[in-house]
2 protein chains.
Amino acid sequence: MSTTIAQVARYAGVSPSTVSYVLTGNRPISEATRTRVEAAIRDLKYRPHAGARSLRSSRTNVIGLVVPFHRPHDVSALPFIGAIAAASYAKGFNVLLLTADRGAAEIDRVVRSAMVDSLIVLQINLHDDRMEVLTDLDRPVALIGIPDDTHGLPCIDFDFHGAAALCVAHLADLGHRSVAYLGQPQLMYDRGTAYVQRALEGAREAAERHDMSWSTQPCEATRAATDRAIRDALVRQPDLTSVMVFNEPALPHVLESLASSGKRIPEDISVVSIANEAALTGTRPAVSGVSIPAEELGTAAAEMVLSAPAGPSPDTEPVLLPPIFVRRDSDMPLGS
Amino acid sequence: MSTTIAQVARYAGVSPSTVSYVLTGNRPISEATRTRVEAAIRDLKYRPHAGARSLRSSRTNVIGLVVPFHRPHDVSALPFIGAIAAASYAKGFNVLLLTADRGAAEIDRVVRSAMVDSLIVLQINLHDDRMEVLTDLDRPVALIGIPDDTHGLPCIDFDFHGAAALCVAHLADLGHRSVAYLGQPQLMYDRGTAYVQRALEGAREAAERHDMSWSTQPCEATRAATDRAIRDALVRQPDLTSVMVFNEPALPHVLESLASSGKRIPEDISVVSIANEAALTGTRPAVSGVSIPAEELGTAAAEMVLSAPAGPSPDTEPVLLPPIFVRRDSDMPLGS
DNA sequence: CTGAAAGCGCTTACAG
DNA sequence: CTGAAAGCGCTTACAG
């Protein structure tokens, strides 16, 4: 089959243990033998057998990544996965893909069979039924998303609550007295996904704080749905002057729905949004708001799990990446 | 640490080999001992150590999945990944994520270190520089995408060539004499991604076959880019009556660009497209065309690799999933 | 600075 | 139908 340490040792004229110590770096080696061993490794294209290594050292150098593959697919997951994979590979770790569909049992199975050293869980619910398994795991874990009770596990997320509040506060600063919040599909709320709820809360609190008239509704990412949502919002808030959208694939449809309701953007209605930067800048007008630093978040999560201790620890504080509001062409001061 | 076979054997009062044979099913076992052993496994929450198992059996039950995480992210990859993961898990296989960025070296490394039994490669180029490594691998491989020369490796893809031809032929059947093809960003062409090229060829050939006036250009998924693309197309083909779009995230923008050029859909311009079904049905008007069966393709690829023999074999024919044209509200007969 | 040896947890011929 | 034993390829005390 494949080359083994024994073969490399024979080829280099040294003992197997010497080869192993060259690989691990756990022992001083003379320059001459190191060179000979390294040449043998190259010549024979030797690669350590991952299974043997994990059996002996009980380390796999594999991170388990739990990804939500729900339908409709949440396309915003892809940059996270890419960033986590890139960051992991850069540090010499591989990524095993787990699907969230199978819940806690899947996590338990993979960890108990010693396939992964640690875990990153990608979409956390406020009340997440995987928390118990994750705390009992005795492996480093990083959660992307903040549950109601972190149980002392390391969590990281973009500050969706703050981002939404920032968007609404910006509208208030421009003099707007009313805002309609168009959110995610009902399904996402039903699942209890943490960031979806936190964004809604952040927006609602900011609207209350600024004494704005407020309405909200879930929304599918189709033109028919945004038409309905905008029409309903205009019925509920006849004097509506601003819309906040937290639904990336629906964003272009929302702009169209407003336009075909006879609302000019930004002259009649100001629009702000939370989405990936490309989605905000790809429309016309380009949409003001906060972009989600998916790459940064994924990279940070990978680094976090690689330095995290196993198991919960009581003083672990959730990490929140701060939102930055960028003004573009979809908003203007009221009545200007 | 974790429970071992020896512990299960002691608990159940049988020999370790008996426990192992219960697990593998490679030996007849009396009903009584099987029951006792299974109870012990449950009580002790035993899971076989994956590394030990792979060391001994040289099988890992892991499929390596090579995914293109290019920027801008190709969001259409997500349903493929999801379907492959689901199908693999359903058959008792786990999925190790590899990034295409590191090319052939990454594949070689992971296979040589015995981390995977087999490989699925997600986005194949016409001239793919990974073919040599893949043929030398001596592991089952399935390519999603068809290279110019398959080297006898099993390939599967949606028939993008046929799908594009079907779309254009439909326009011709409606009496259209001209078509503008809006494709993927230039980057995708530069990479030589097979399906992107094949769709373009299929459309071009069909246009020639039906004697239609024809133009094509790459297109970014922004409103500014679709505006430019539509304007250019109307300059090159002043009597343009139909547009074919193969760029899912650009589709809503294209409809808007046409509208703001004063073109009604479908009265002035018929539009057809290849995209995921949700993208075709989410717009207004809903777009006629061919939807990409991502789930079906991913599932088929997973099944393919699990039944494929190792290495190339000369009589392996590429598998193409057939396109189906569905008429919606974006097209009509010319001059009706 | 180097080597011989034990043992990680499995699977499977071999023997009964 | 069942058990005792070898060995997969590594890492690391132990001995020199």
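Just so it is clear: chains get the letters A, B, ... in the order the sequence lines come, proteins before strands, and each one is counted from 1.
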When only distance counts, do a donor and an acceptor, one from the side chain of B/Ser17 and one from the base of D/dA4, lie under 3.5 Å apart?
yes

Whole-Å gap separating P (D/dG9) and NE2 (B/His49):
17 Å

Whole-Å distance, A/Arg36 CZ to C/dT2 P, equals 9 Å

Can you check side chain to side chain donor-acceptor pair (under 3.5 Å) on B/Tyr195 and B/Asp157, steps first, answer last?
CA-CA 8 Å; B/Tyr195 75 90; B/Asp157 205 351; over 6 Å; no

Using heavy-atom distances to pick each residue's nearest nucleotide on DNA chain D, tell me which of B/Arg56 and B/Tyr21 is more 5'.
B/Tyr21

Tell me which nucleotide, if any, is Watson-Crick or G-U wobble paired with D/dG16 when both distances must be under 3.5 Å.
C/dC1

Atom pair distance, as rounded to whole Å: CD1 in A/Ile5 and C1' in C/dA5
15 Å

Does B/Ser20 reach a base, just sugar-phosphate, or nothing at all? Heavy atoms under 4.0 Å.
base

Under 4.0 Å, heavy atoms only, any strand: does A/Arg59 hit a base, just the sugar-phosphate, or nothing?
nothing

Base D/dT11 paired with A/Arg53 side chain (donor-acceptor, <3.5 Å)
no

In whole angstrom, give me the gap between the C1' atoms of D/dG16 and D/dT12.
16 Å

Need one value for B/Thr33: base, sugar-phosphate or nothing, where a base atom within 4.0 Å counts as base even if backbone is also close, heavy atoms only.
sugar-phosphate

When the nearest nucleotide of DNA chain D is assigned to B/Pro16 and to A/Ser57 on a heavy-atom basis, which residue is associated with the more 5' position?
B/Pro16

